[in-house]
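The first residue of the sequence shown is numbered 1, and numbering continues consecutively from there. Atoms within each ligand, like the ligands themselves, are counted from 1 in listed order. The model shown is predicted, which means the values in this text are computed figures rather than measured ones. Keep in mind that the numbers below use all heavy atoms, side chains included, and drop hydrogens, waters and symmetry copies.
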Amino acid sequence: MQGTHPLATGTPRHDWTRDQAQTLFALPFNDLLFTAQSVHRQNFDPNAVQVSSLLSIKTGACPEDCAYCPQSVRHETSLEREALMEVQAVMAAAAKAKAAGASRFCMGAAWRSPKDRDMDKVEAMVRGVRELGMETCMTLGMLTAEQAQRLKGAGLDYYNHNLDTSAEYYGEIITTRSYQDRLDTLAHVRDAGINVCCGGILGMGEDESDRAGMLVTLANLPKHPESVPINLLVQVEGTPLFGRAPVDGLDFVRTIAVTRIMMPHSVVRLSAGRTDMSDEMQALCFFAGANSVFYGEKLLTTPNPEANEDMALFGRLGMRTERVQPPLAS
Ligand code: SAM
Ligand code: DTB
Ligand code: SF4
């Protein structure tokens, strides 16, 4: 493509090196954004955005020690814990999200991994939300191969399981499970035939090489995740990462652009942290290749922009909300 960087072929590759990713990060901003936008419009409608709503189906008291997370039992946050919700209440929340314009409903649980006794209930949630005509996504922690098969059997469309950062930096953020544990669950999800949603968080004190390393791991998976959420850390008082230096907005946009170039067929989600972003920064993220957001006033436990504010922003940008399918198996 004329004027674009030669590393940007616009088709999926699985042999990225960290040097190559860092070369992209180091491009002049306009060259990087032009390249990312060119790759984006080669593969997607540049004016379409996919919107997913989130619900926390089991909140707080999580045994894991993720330093960013308000739901860890090890951090003193003001969060009220809540037991696993009833199926009817989950369906009511999904119906409300659908009426507000969401096409996918993502259900998250503060678990290290689901207990087998919880599986019947979460499977019923998947069936119920699907009956409403919505796509389903769940994020429940680590899964065994068998649990992934059971979720597939219930009709689950996507499973979210983030790598969060590079393999090297991971141990600074989480000690109660390993990077390999995460990769194993991703393989079980992939083998079960469920679409993979996997990305990370910026603003945890990682450097550019960690951001590049995480994207290389994602892009070199046997198949690119269909959905790649890029979160900006939501700083919650009481978590160890509260008070970290904020991410430079332009560095965040760069990361979206590099993600778009390295995983050209994936839907890239501008995820948590949008309440701290200006409309102009979000517009730059869409230009850099983001084509999905979390929609509705709450993420799992923290605030998200109001639905009407998002609709107003999409209107100003001439963007339509619709189901955005990955263009090809990649
Ligand atoms: N407990 C499950 C797990 O961790 O796999 C699922 C729920 S967990 C809350 C889902 C994801 O939310 C995490 O992997 C992390 O990427 C993201 N997350 C949690 N707290 C966050 C925060 N404060 N800011 C940004 N992203 C966050
Ligand atoms: C993802 O990458 N981000 C979402 C979703 N997947 C599950 C979660 C963001 C959580 C932000 C903090 C909170 O609201 O608790
Ligand atoms: Fe638990 Fe998930 Fe939060 Fe980690 S990110 S503490 S596993 S809810």
Per-atom filter on ligand 1: closer than 4.0 angstrom to a heavy atom of Arg182 are 3 (C), 4 (O), 5 (O), 14 (O)
For this session: Please indicate, with yes or no, if any protein heavy atom is found under 4.0 Å from atom 8 (S) of ligand 1?
Result: no
Ligand 2 atoms nearer than 4.0 angstrom to some heavy atom of Pro229 are 2 (O)
Among non-hydrogen protein atoms, atom 5 (C) of ligand 2 lies closest to Phe294 CZ, 3.6 Å
Problem - Test item: side-chain donor near acceptor, Gln20 and Arg13, under 3.5 Å - result: yes
Ligand 1 to Trp111, heavy atom cutoff 4.0 Å, flagged ligand atoms 1 (N), 2 (C)
Short version for Thr302: what comes under 4.0 Å of ligand 1, heavy atoms counted, is neither
Rounding to 0.5 Å, atoms CD (Glu226) and CE (Met263) come to a distance of 12.0 Å
Under 4.0 Å from one or more heavy atoms of Cys66, ligand 3 contributes atoms 4 (Fe), 5 (S), 6 (S), 7 (S)
Transitively linked via ILVMFWY side-chain contacts under 4.5 Å: Leu156 with Leu300? no
Taking only non-hydrogen atoms of Ala110 and a 4.0 Å limit, the atoms of ligand 3 in range are 8 (S)
So the atoms of ligand 2 within less than 4.0 Å of a heavy atom of Asn231 turn out to be 1 (C), 2 (O), 3 (N)
Ligand 2 to Thr301, heavy atom cutoff 4.0 Å, flagged ligand atoms 13 (C), 14 (O), 15 (O)
Between Ser53 and Gly296 (side chain of the first, backbone of the second, donor and acceptor by atom type, cut-off under 3.5 Å), is there such a pair? no
Exercise for the section: Using modelled atom types only, decide if a donor and an acceptor are shared between the side chain of Lys298 and the backbone of Pro303 within a distance under 3.5 Å. Expected result: no
Nearest non-hydrogen contact to atom 1 (Fe) of ligand 3 from the set Ser113, Cys62, Gly60, Ser56 belongs to Cys62
- Arg18 charged N/C atom sitting above Trp16 aromatic ring, 6.0 Å / 45°: no
Thr139 heavy atoms within 4.0 Å reach ligand 2 at atoms 7 (C)
So the atoms of ligand 3 within less than 4.0 Å of a heavy atom of Tyr68 turn out to be 5 (S)
Nearest heavy-atom approach of Thr165 to Tyr179 is O-OH, 2.7 Å
Ranked by distance from atom 24 (N) of ligand 1, the top protein heavy atom is Val234 N, 3.0 Å
Assess Cys62 for proximity to ligand 1: is some non-hydrogen atom of it under 4.0 Å away? no
Does Cys69 bring an N, O or S atom to under 2.8 Å of atom 3 (Fe) of ligand 3?
-> yes
*asked:* Taking the cut-offs as 6.0 angstrom to the six-membered ring centre and 45 degrees off its axis, would you call Arg254 and Phe29 a cation-pi pair?
replied: no
Here the gap from Arg112 atom CZ to Ser72 atom OG, rounded to the nearest 0.5 Å, amounts to 12.5 Å
min-distance protein heavy atom vs atom 6 (C) of ligand 1 -> Thr139 OG1, 3.1 Å
Test side-chain contact (heavy atoms from CB on, under 4.5 Å), reference Asp164, set Ile174, Leu202, Ile173, Asn231, output is Ile174
Interatomic distance, NE2@His75 vs OG1@Thr77, rounded to 0.5 Å, equals 8.0 Å
Quiz item: For atom 6 (S) of ligand 3, is the nearest protein heavy atom under 4.0 Å away?
Solution: yes
Note: ligand 1 atoms sitting under 4.0 Å from heavy atoms of Leu300 are 9 (C)
Among non-hydrogen protein atoms, atom 6 (N) of ligand 2 lies closest to Asn160 OD1, 3.3 Å
Looking only at protein heavy atoms, what sits closest to atom 12 (C) of ligand 2 is Thr302 OG1, 3.6 Å
For Ala109, the ligand 1 atoms with a heavy-atom partner under 4.0 Å come out as 1 (N), 2 (C), 6 (C), 7 (C)
Within the 4.0 Å heavy-atom cut-off, what Val236 brings close to ligand 2 is neither
Out of Gly200, Cys106, Gly141, the nearest non-hydrogen contact to atom 2 (C) of ligand 1 is supplied by Gly141
Ranked by distance from atom 10 (C) of ligand 2, the top protein heavy atom is Leu300 CD1, 4.2 Å
Close side-chain approach of Trp111 to Val122, heavy-atom, < 4.5 Å:
yes
Practice prompt. Decide whether Asn160 and Asn162 meet the rule of one side-chain donor and one side-chain acceptor closer than 3.5 Å.
Written response: yes
Checklist line | Contact (N/O only, under 3.5 Å) between Ser271 and ligand 2 | finding: no
Closest to atom 16 (O) of ligand 1 among protein heavy atoms sits Asp164 OD1, 2.7 Å
At under 4.0 Å between heavy atoms, what of Arg177 touches ligand 3? The answer is side chain
In this structure, atom 12 (O) of ligand 1 is nearest to the protein heavy atom Asn162 ND2, 4.5 Å
Review point. Side-chain heavy atoms under 4.5 angstrom apart, residues restricted to Ile, Leu, Val, Met, Phe, Trp, Tyr: same cluster for Leu250 and Val268?
Key: yes
query = Are Arg269 and Phe294 in a cation-pi setup, meaning NZ or CZ lies under 6.0 angstrom from the ring centre and within 45 degrees of the ring axis?
reply = yes
Heavy atoms from other residues, nucleotides or ligands near CD of Glu168 exceed 12 (cutoff 6.0 Å)
yes
Rounded to the nearest 0.5 Å, the CZ atom of Phe25 sits from the OG atom of Ser209 at a distance of 9.5 Å
**Asked** Same cluster or not: are Leu79 and Ile57 linked, directly or through other Ile, Leu, Val, Met, Phe, Trp or Tyr residues, by side-chain heavy atoms under 4.5 angstrom apart?
**Response** no
For atom 13 (C) of ligand 1, the closest protein heavy atom turns out to be Tyr68 OH, 3.8 Å
For atom 26 (N) of ligand 1, the closest protein heavy atom turns out to be Ile201 CD1, 3.5 Å
